[in-house]
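Single-structure report; data block below.
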Protein chains: 2
Amino acid sequence: MKDNLVIDSIDRRILTELQANGALSHAELAQRVGSSTASCWRRIKLLETAGILTRTVRLVDAAKVGSGVNVICNLRVRDHSRETRANFEAFIHSRPEVMECFSMSGDWDYLLRVVAGDVADYEHFLMHVLLDHPSVGGASSHFALSLTKYSTAVPV
Amino acid sequence: MKDNLVIDSIDRRILTELQANGALSHAELAQRVGSSTASCWRRIKLLETAGILTRTVRLVDAAKVGSGVNVICNLRVRDHSRETRANFEAFIHSRPEVMECFSMSGDWDYLLRVVAGDVADYEHFLMHVLLDHPSVGGASSHFALSLTKYSTAVPV
DNA sequence: TTAATCCCGAAAAAATTTCATCAAATTATA
DNA sequence: TATAATTTGATGAAATTTTTTCGGGATTAA
């Protein structure tokens with residue numbers, strides 16, 4: 001993974017298009033960024049080996065599969081030992097309803113975005129999964145009323 | 001978009017696989033979920049027309065393109081009129097550095113996840129973009145120290 | 001039980017991707 | 001500025017993938 005790839009304006013356009021639609025054919029992509037399919041193909045390979053362009057994923061409508069409720073959860077770990085933090089992070093990775101987790105500056109140790117089917121669902125997760133976990137010291141939950149924007153596309 | 005599709009266990013496996021790797025061929029997918037390529041293809045089409053399976057996107061390493069800093073920003077709008085809210089939400093959609101935005105219960109109106117290159121970058125965004133916007137009443141920002149987990153895959 | 005329907009997998013057809021080659025164009029360098 | 005190195009787009013062929021078609025078996029309804 002050569003970390004030192006210099007990105008030019010066509011690379012940027014490729015990244016933009018592919019972040020919006022990862023299923024574009026090379027021909028369509030070439031047309032949109034004003035290049036040839038061969039060149040697009042080469043650039044994509046380079047961006048991939050540089051670790052800039054990573055996975056392809058398909059998105060699923062969360063509400064349609066019973067995870068339409070988003071909860072933002074601020075959390076403190078019981079203590080700040082390396083072991084506790086490692087246990088906590090492993091635990092976070094094991095729970096599919098935890099979509100995102102950030103280690104935070106400020107009053108709380110972590111901030112989580114958790115999806116749930118409804119309030120009762122989340123109550124169960126909070127009381128019997130999160131707060132029961134030995135690494136977790138405390139939590140404060142805030143429900144999202146609605147989703148205004150969700151993007152996976154980083155600015156390029 | 002027929003909303004009434006009943007999802008069975010093979011559909012669920014397909015969704016799981018495709019959320020993890022959207023570039024799987026139908027043949028590989030068929031093998032993993034224990035079905036045939038044609039059947040997988042048909043199920044995918046149904047899941048798509050039902051609006052359950054949505055876009056294919058490629059992910060980009062945010063840090064490698066200069067957006068490695070995550071900031072969680074709580075925000076109040078200036079007032080709660082329909083117009084102010086609509087203006088605010090249109091503004092949010094127009095800003096690529098705002099990756100996510102939730103309308104929230106509790107003390108704040110919205111919660112944003114914003115990406116930036118560094119602290120100075122964010123300072124500029126906060127002072128000259130967010131707080132300068134006529135719909136924005138106030139904000140409180142919290143920097144993420146690190147990203148513990150980021151998943152686009154909803155539980156199925 | 002029969003008939004209609006649905007879902008399946010196999011196979012064929014159509015399209016796309018992958019990757020090599022080459023000459024021209026562009027860029028860097030001496 | 002001349003030369004070297006790199007990048008580009010066109011081309012094409014092989015491999016792979018997507019999509020359609022089709023007959024048969026399971027399921028359901030009458």
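In what follows, chains are A, B, ... by sequence order, proteins preceding strands, each numbered from 1. Predicted model, so just to flag it, every value in this text is computed and none were measured.
Straight-line distance from the CG atom of B/D8 to the P atom of D/dT27: 14 Å, rounded to whole Å. Between the NZ atom of B/K45 and the P atom of C/dC8 there is a distance of 17 Å, given to the nearest Å. Rounding to whole angstrom units, NE2 of residue B/H26 and C1' of D/dT17 are separated by 8 Å. Atom-to-atom, CZ of A/R42 to P of C/dT26 comes out at 15 Å; the value is rounded to the nearest Å.
Along DNA chain C, the nucleotide nearest to B/I10 and the one nearest to A/L24 differ in position, and the one closer to the 5' end is contacted by B/I10.
Contacts of A/T37 with the nucleic acid, taken as non-hydrogen atoms under 4.0 Å apart, are absent.
Looking at A/Y122 and A/S141, their side chains do bring a donor and an acceptor atom within 3.5 Å of each other.
You'll find that the side chain of A/W41 is closest to C/dT18, out of D/dT17, C/dT18, C/dT16.
No more than 12 heavy atoms of other residues, nucleotides or ligands lie within 6.0 Å of CD in B/Q31, so this atom counts as exposed by the packing criterion.
At the phosphate of D/dA10, neither OP1 nor OP2 sits under 4.0 Å from any side-chain N or O atom of A/S36. Taking side-chain N and O atoms only, A/S25 has no distance below 4.0 Å to OP1 or OP2 of C/dT16.
Between the side chain of B/T84 and the backbone N or O of B/H80, no donor-acceptor pair lies under 3.5 Å.
The residues A/E28 and A/R32 are annotated as salt-bridged, a charged nitrogen and a carboxylate oxygen being separated by less than 4.0 angstrom.
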